[in-house]
Number of protein chains: 2
Amino acid sequence: MRIMTLQPASGALVDQIVARLEQAILTGELAQGQKLSEQTLSDRFGVSRGPLREAIRTLEGRQLLERTPFSGVRVVQLSLDDLEQLLTTREALEGMASRQAAENMTLHETRQLRVRLAAFEDSYRREGVDGVFRVRSAGDDLHTLIVRGSRNRWLIDIICNELYPLLQICRFQSTAVTLRTRQRIEVVHREHEAIIVAIERRDADAAEAAMRAHLVASRTILMAQLRGEPPATAVAGA
Amino acid sequence: MRIMTLQPASGALVDQIVARLEQAILTGELAQGQKLSEQTLSDRFGVSRGPLREAIRTLEGRQLLERTPFSGVRVVQLSLDDLEQLLTTREALEGMASRQAAENMTLHETRQLRVRLAAFEDSYRREGVDGVFRVRSAGDDLHTLIVRGSRNRWLIDIICNELYPLLQICRFQSTAVTLRTRQRIEVVHREHEAIIVAIERRDADAAEAAMRAHLVASRTILMAQLRGEPPATAVAGA
DNA sequence: ATATAAGATATTGTTGACAATCTCGCTTAT
DNA sequence: ATAAGCGAGATTGTCAACAATATCTTATAT
């Protein structure tokens, strides 16, 4: 029997590097726009430059790193406009995911949505967590549950592996956003419930519309806050 | 002055390999599900395994290759369900792109749409090309023009660099789909015009709805044909 | 003093060799 | 005769050295 090593030893060394690098970027340990030298990183992770370069290529494909030939790689730097476009893209994708979830989720899965909603209500009654940039590492929050319920491998991949990491990055450039009044939190709760109701009724149109309305409202309010404008009675047109 | 080399020598060797590998996959030269050995590929392209492996990692990120550790890489194999999910994801993304195109396109760009529509009409009057899987290598067809007009870097990237290549692959597993009656072609033309009209009027809702209707109709008819069912008076609900 | 150009240095790009792992064919025992 | 176990071959994973390119420093000329 072999002694259990500390690191999970998930087969290829490259995958470990990808995970650790992504973690470092998502936690803000590596700041946005920071230039990374291969030598430094390979020393830091204790591996050669070969696997490291493959890991960089992988993260580059997920838009977390940007490379300029013969110059080096930098952590992606997201502007306010980038964030807005990201949230708009999310509306399209999660809207469709919600539609397909209404069509394809099992009865058991829809019950899990109710469980999640209750847990969410408990947690924000206690701590008032921020909704948009919520850490999805657990992979069982409401939005992720709905996305996976779509049974659409492309939607699941794009949303969970590309969009969510990019949104997570933005969380660390705007930590001051966590104000989120109790009022808004209760609105979010109602919006979440509207989505679940639509999915339970297998009403695809309503499910997409409800998700879109929820995300449009969140984006509008968030961008207004970030840009320092008054919220101006945010309209939630689907 | 240096003698011009045959290959464009676009900086990094890896990028050339990526382009050539992608080309080989998209043209069907490398069949779906085919197993690829690194040694064979590196011999074929006349490069070492280092850059080749980086290229493989890049294509893997675009879902064109699938890797199983210590076993090798295979060209992605797309089922009929995969294609349907792909087309559904496309509806979400291009629908939103059309919406943002209505909001952000310049006047000059909207005129280009008209030019493209006329050119498209000419070409299908002569050859009757298939619409869904049209080769987008030129990068100036109607759909690409609209997507770029959205000014949304994430939409543009996902649609052009991920979705379109995957759709292109499907083209070679279903060459028998090129029937496409003249009747359908004229309907497509009207749908295209409806999209352009909405964009010209800066009507975002209408632009998204028109694009969605167009793509839903195309998907419905295509899948019905591929699955051998009768088209059954395809409804085009937005 | 400033701007330009040439060289030194550091970093990225590439290569071939070495180690770890899997696959397939062969032997052997029931 | 068939199945399990072993070993040879092939393939993937990793590493350290070499070549190409960019960046920074320094010297020189205006």
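Excluded from the calculations below are hydrogen atoms, water molecules and symmetry mates; all remaining heavy atoms, backbone and side chain alike, are included. A, B, ... follow the sequence lines: proteins, then strands. Residue 1 opens every chain. Here the structure is a predicted model, which is why all the values come from computation and not from measurement.
Using a 30° and 60° split on the angle between ring planes, A:His143 and A:His192 fall in the perpendicular class, above 60°.
Judged purely by distance below 3.5 Å, without hydrogens or angles, the side chains of B:Asp82 and B:Ser79 pair a donor atom with an acceptor atom.
Atoms CZ (B:Phe70) and P (C:dT21) sit 6 Å apart, rounded to a whole Å.
Inter-residue side-chain proximity for A:Leu78 and A:Val76 is flagged as met; some heavy-atom pair is nearer than 4.5 Å.
Using a 4.0 Å cut-off on heavy atoms, the residues of residues 33-46 of chain B that approach DNA chain D are B:Leu36, B:Ser37, B:Glu38, listed by number. Near DNA chain D, defined here as any heavy-atom distance below 4.0 Å, the residues from residues 48-59 of chain A are A:Ser48, A:Pro51, listed numerically.
For the pair B:Arg67 and D:dG13, the criterion of a side-chain N or O lying under 4.0 Å from OP1 or OP2 is met.
A salt bridge is defined here as a Lys NZ or Arg NE, NH1 or NH2 lying under 4.0 Å from an Asp or Glu carboxylate O, and A:Glu60 with A:Arg57 meets this definition. Taking the charged nitrogens against the carboxylate oxygens, A:Arg153 and B:Glu66 do have a contact shorter than 4.0 Å, which makes a salt bridge. A salt bridge does not link B:Arg148 to B:Glu109: none of the charged nitrogens lies less than 4.0 Å from a carboxylate oxygen. Looking at A:Arg53 and A:Glu38, a side-chain N of the basic residue comes within less than 4.0 Å of a carboxylate O on the acidic one, giving a salt bridge.
Looking at B:Arg219, its side chain never comes within 3.5 Å of a backbone N or O of B:Leu87 through a donor-acceptor pair.
Comparing atom distances between the B:Leu13 side chain and each of D:dT23, C:dG13, C:dT14 picks out C:dT14 as nearest.
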